[in-house]
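The model shown is predicted, which means the values in this text are computed figures rather than measured ones. We name chains A, B, ... by the order of the sequence lines, and we start the count at 1 in each one.
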Number of protein chains: 2
Amino acid sequence: MTTPGAQRHDLIATLEDRGFRLTAPRRRVADSIEEQRDAFTAEYLCESVPGVGRATVYRTIKLLVESGALCKLAMPDGAPKYSLARVGHHHHTVCVRCGKVGDFRDSTVERMFRSLAKEVDGEIVGHRMEVYIDCSDCAAT
Amino acid sequence: MTTPGAQRHDLIATLEDRGFRLTAPRRRVADSIEEQRDAFTAEYLCESVPGVGRATVYRTIKLLVESGALCKLAMPDGAPKYSLARVGHHHHTVCVRCGKVGDFRDSTVERMFRSLAKEVDGEIVGHRMEVYIDCSDCAAT
DNA sequence: TAACTATATGATACATAGTGTCAATAACAG
DNA sequence: CTGTTATTGACACTATGTATCATATAGTTA
Ligand SMILES: [Mn+2]
Ligand SMILES: [Mn+2]
Ligand SMILES: [Zn+2]
Ligand SMILES: [Zn+2]
């Protein structure tokens with residue numbers, strides 16, 4: 001398993017590059033996302049930017065996911081979480097006890113998807129994979 | 001890729017085995033599920049059993065998913081779909097155009113998850129994987 | 001800079017996907 | 001059959017968004 005390295009995040013620049021206007025609400029949402037250490041829910045982000053409309057927060061998240069700057073993660077239960085996409089393509093571990101999200105890349109995974117491409121009925125246009133774990137911290141308790 | 005073969009489905013027996021009571025509403029829900037050829041949403045199932053309470057339909061689906069008799073599939077957008085679990089463990093293809101769901105097993109996939117077990121921080125307790133495709137039928141149009 | 005125009009905002013209503021409550025009902029053990 | 005307990009279904013409620021639309025503003029142009 002390769003832990004993806006850090007990378008610059010300039011979410012506002014991402015939006016600008018795509019031709020969207022740089023508004024104060026978008027700046028506040030983007031700044032707040034860049035401050036998040038862990039994966040977060042949309043509602044949590046809403047609370048972190050009081051005064052910014054809920055619809056605007058959801059709209060901005062959607063733009064960033066479409067831009068590939070944010071990962072959207074399906075949780076075993078409850079609302080999806082989002083995290084900065086630090087690498088182009090990777091997958092996630094989610095601790096089912098504490099909810100902590102980890103990023104990883106693994107050549108085995110990518111080989112598997114390539115192998116699968118020859119087998120499925122049609123063309124693979126995407127995939128989603130989450131690995132649910134009992135993380136070492138939680139297992140220690 | 002191995003296409004899982006057919007298998008008997010006796011959803012009511014599954015519930016009975018787990019110690020739940022065999023009620024008329026549960027029989028109607030189970031019968032309706034067994035009639036579904038393709039993956040279905042919870043709301044669709046509700047419509048297929050008029051007179052049975054919505055809460056009962058959702059509760060029955062949840063029991064069957066917990067029993068392993070139904071697969072719950074995350075769709076790219078919208079509500080999850082459910083389909084009969086014809087084999088013990090397998091994964092799904094979902095056509096992003098027509099929504100058609102396919103089951104598959106592939107030794108590459110299982111090897112990949114075994115290999116991953118040695119690499120992640122903690123113990124793998126589950127995983128979810130969906131492969132999104134443009135199916136051959138849709139590609140033909 | 002000022003005016004213009006398309007884009008974006010946010011209040012609000014609406015939609016969807018469920019879950020919690022609880023009085024009434026019914027399964028099933030004895 | 002009776003009693004106990006699981007189950008039901010109406011209803012309210014929560015969570016997670018999306019659609020509408022009057023208002024505001026970013027960025028362009030004069
Ligand atoms: Mn990630
Ligand atoms: Mn399946
Ligand atoms: Zn943990
Ligand atoms: Zn298709």
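Extent of DNA chain D lying under 4.0 Å from chain B heavy atoms, first and last nucleotide in 5' to 3' order, is D/dT5 to D/dG9.
Sorted by first and then second residue, the side chain to side chain donor-acceptor pair (under 3.5 Å) pairs with a member in residues 11-26 of chain B read B/R18-B/S67; sequence neighbours excluded. Screening residues 31-54 of chain B for ring-ring contact (aromatic ring centres under 6.0 Å, His included) gives no qualifying pairs among residues at least two apart or on separate chains. Here side chain to side chain donor-acceptor pair (under 3.5 Å) pairs that include residues 51-65 of chain A, with residues two or more places apart or in two chains, are A/E43-A/R54, A/E43-A/Y58, A/T56-A/R59.
When the side chain to side chain contact (heavy atoms under 4.5 Å, CB included) test is applied to B/S32, the partners found at least two apart in sequence or on another chain are B/Q36, B/L45, B/S48, B/V49. Considering only residues two or more places apart in sequence or on other chains, B/R28 meets the side chain to side chain donor-acceptor pair (under 3.5 Å) condition with none of them. Partners of B/D137 under the side chain to side chain contact (heavy atoms under 4.5 Å, CB included) rule, at least two apart in sequence or in another chain, are B/K100, B/C135. With sequence neighbours excluded, the residues satisfying side chain to side chain contact (heavy atoms under 4.5 Å, CB included) with B/T108 are A/M112, A/S115, B/D106, B/R111. The side chain to side chain donor-acceptor pair (under 3.5 Å) check on A/R27 picks up nothing, with sequence neighbours excluded.
Residues of residues 46-53 of chain A that place a heavy atom closer than 4.0 Å to DNA chain D do not occur.
Atom CD in A/E66 sits 12.0 Å away from atom CD1 in A/I61 (nearest 0.5 Å). Note that CD1 of A/I124 is 11.5 Å distant from CG of B/D134, once rounded to the nearest 0.5 Å.
With contacts defined as side-chain heavy-atom distances shorter than 4.5 Å, the pair A/L70/A/L84 qualifies.
Using bins of under 30°, 30° to 60° and over 60° for the plane-to-plane angle, the ring pair B/F104/B/H91 lands in the tilted bin.
Five base pairs at each end of the helix from C/dT1-D/dA30 to C/dG30-D/dC1 define two local axes, and these are offset by 30° (rounded to 10°).
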Checklist outcome for this item: Per-nt protein contacts along nucleotides 15-27 of chain C (heavy atom under 4.0 Å; B base, S backbone sugar-phosphate only, - none) come out as --BBB-B----BB
